[in-house]
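Notes follow the structure.
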Amino acid sequence: MSTFIIGIAMIALTVALYIPATRLYKKIKWPVLMPVLTTTAVIVVILLITGIKLDTYMLGGKWIQDLLGPAVVSLAFPLSKHMDVLKRNVIPILGGTLGGSIIGMFTGASVALLLGYPKDIVIALLPKSVTTPVAIQLADQAGGNASFTSLFVMIAGFSGILLGPLMMKWIRIKDNSAYGIGLGSASHALGMARSFEYGENAVALSSVSMIVSAIAGSLFLPLWVSIIYG
């Protein structure tokens, strides 16, 4: 069977799982039923049961992954509709994303060093809250293990969309804009997807926060590596 047909089959499998997962989440608004999370979990189970290798799935999965870049660029459209909201929230966006980037990298590196992780894993952990394409490039250029970076980015994304809104409710944050900024800066594209639940303003702020977080990660990661390893 040609790689093209296998790739199409893997894309069809992903879409066939994602559509009902989306419908289920619309009916039952449980965070653990986020379509990205449930679809990923089901695909992993299918691959394990059938013995299909990840490389085989990625014949189609890579096409989906490559669409992430254009999807990020397309965020310019909702951003243009909410420029007034962005202008009013410049300080919260910059403060939240820059502060979150610094704290996120510091805590991640501290835990990894305390657990005795090797250098390439520590560096791979640093850009965990940066969107995947940027995070992989940053880790690779700094000498980290890019494969682990993908894993850490997914863990940060999933944990952020599951626990982030719960924590903000717990500390009684009611402003939807804060949800958008927090989700975008901590959980990148997954957080932005979750922010749709809080309105268009939250989505716009989330997408900007994700972009600013990527820029901040590009600036701070080399600095953290030099601080840790000299």
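Predicted, not measured: the structure shown is a model, and the values here were computed from it.
Met58 and Val153 are assigned to two separate hydrophobic clusters, defined by single-linkage of ILVMFWY side chains at heavy-atom distances under 4.5 Å. Criterion: ILVMFWY side-chain heavy atoms under 4.5 Å apart, direct or through other members. Under it, Leu223 and Ile228 are part of a common hydrophobic cluster. Note on Ile161: it does not cluster hydrophobically with Val44, by side-chain heavy-atom contacts below 4.5 Å among ILVMFWY residues. Taking hydrophobic clusters as Ile, Leu, Val, Met, Phe, Trp and Tyr residues chained together by side-chain heavy-atom distances below 4.5 Å, Val90 shares a cluster with Ile181. Leu183 and Leu94 are assigned to two separate hydrophobic clusters, defined by single-linkage of ILVMFWY side chains at heavy-atom distances under 4.5 Å.
Atoms CD1 and CG, on Ile6 and Asp55 in that order, are 11.5 Å from each other to the nearest 0.5 Å. Leu125 contributes atom CG, which lies 12.0 Å from atom CG of Asn145 (distance to the nearest 0.5 angstrom). Here NZ of Lys128 is found 4.5 Å from OG1 of Thr107. Values are rounded to the nearest 0.5 Å. Note that OG of Ser129 is 11.0 Å distant from CD1 of Ile103, once rounded to the nearest 0.5 Å. Atom NE2 of His188 sits about 9.5 Å away from atom CE of Met210, to the nearest 0.5 Å. For the atom pair OG of Ser206 and CG of Leu190, the computed distance is 10.5 Å after rounding to the nearest 0.5 Å.
The backbone N or O of Leu98 lies less than 3.5 Å from no partner atom in the side chain of Ser101, so there is not a single donor-acceptor pair. Looking at Ser187, its side chain never comes within 3.5 Å of a backbone N or O of Gly184 through a donor-acceptor pair. Looking at Ser159, its side chain does come within 3.5 Å of a backbone N or O of Ala156 through a donor-acceptor pair.
Contact of the Pro127 side chain with the Val134 side chain is not registered, since no non-hydrogen atoms from C-beta on lie closer than 4.5 Å. Contact of the Trp63 side chain with the Ile8 side chain is registered, since non-hydrogen atoms from C-beta on lie closer than 4.5 Å. Here the side chains of Tyr57 and Ile46 are not in contact, with every heavy-atom distance at 4.5 Å or above. Side-chain contact between Leu162 and Arg194 is absent, with no heavy-atom pair separated by less than 4.5 Å.
The shortest non-hydrogen separation linking Val212 to Ile93 is CG2-CG2, 4.3 Å. Pairing each heavy atom of Leu113 with each of Val122, the nearest pair is CD2-CG2, 4.1 Å. Nearest heavy atoms, Thr149 versus Ala139: OG1-CB, 3.1 Å. Here the shortest heavy-atom pairing between Met105 and Leu126 reads CG-O, 3.3 Å. Among all heavy-atom pairs drawn from Val130 and Ser213, the shortest one is CG2-O, 4.0 Å. Nearest heavy-atom pair, Gly217 versus Pro222, reported as atom, atom and distance to 0.1 Å: O-CD, 4.2 Å.
Residue pairs meeting the ring pair (Phe, Tyr, Trp, His ring centres under 6.0 Å) criterion with at least one member in residues 141-179, sequence neighbours excluded, are Tyr179-Tyr198. Among residues at least two apart or in separate chains, ring pair (Phe, Tyr, Trp, His ring centres under 6.0 Å) pairs with a member in residues 99-143 are Phe106-Trp224.
Tested against Thr38 for a side-chain contact (heavy atoms from CB on, under 4.5 Å), the candidates Ile43, Leu33, Leu24 yield a single pass: Leu33.
Around the CE atom of Met167, the shell of radius 6.0 Å holds no more than 12 heavy atoms that belong to other residues, nucleotides or ligands.
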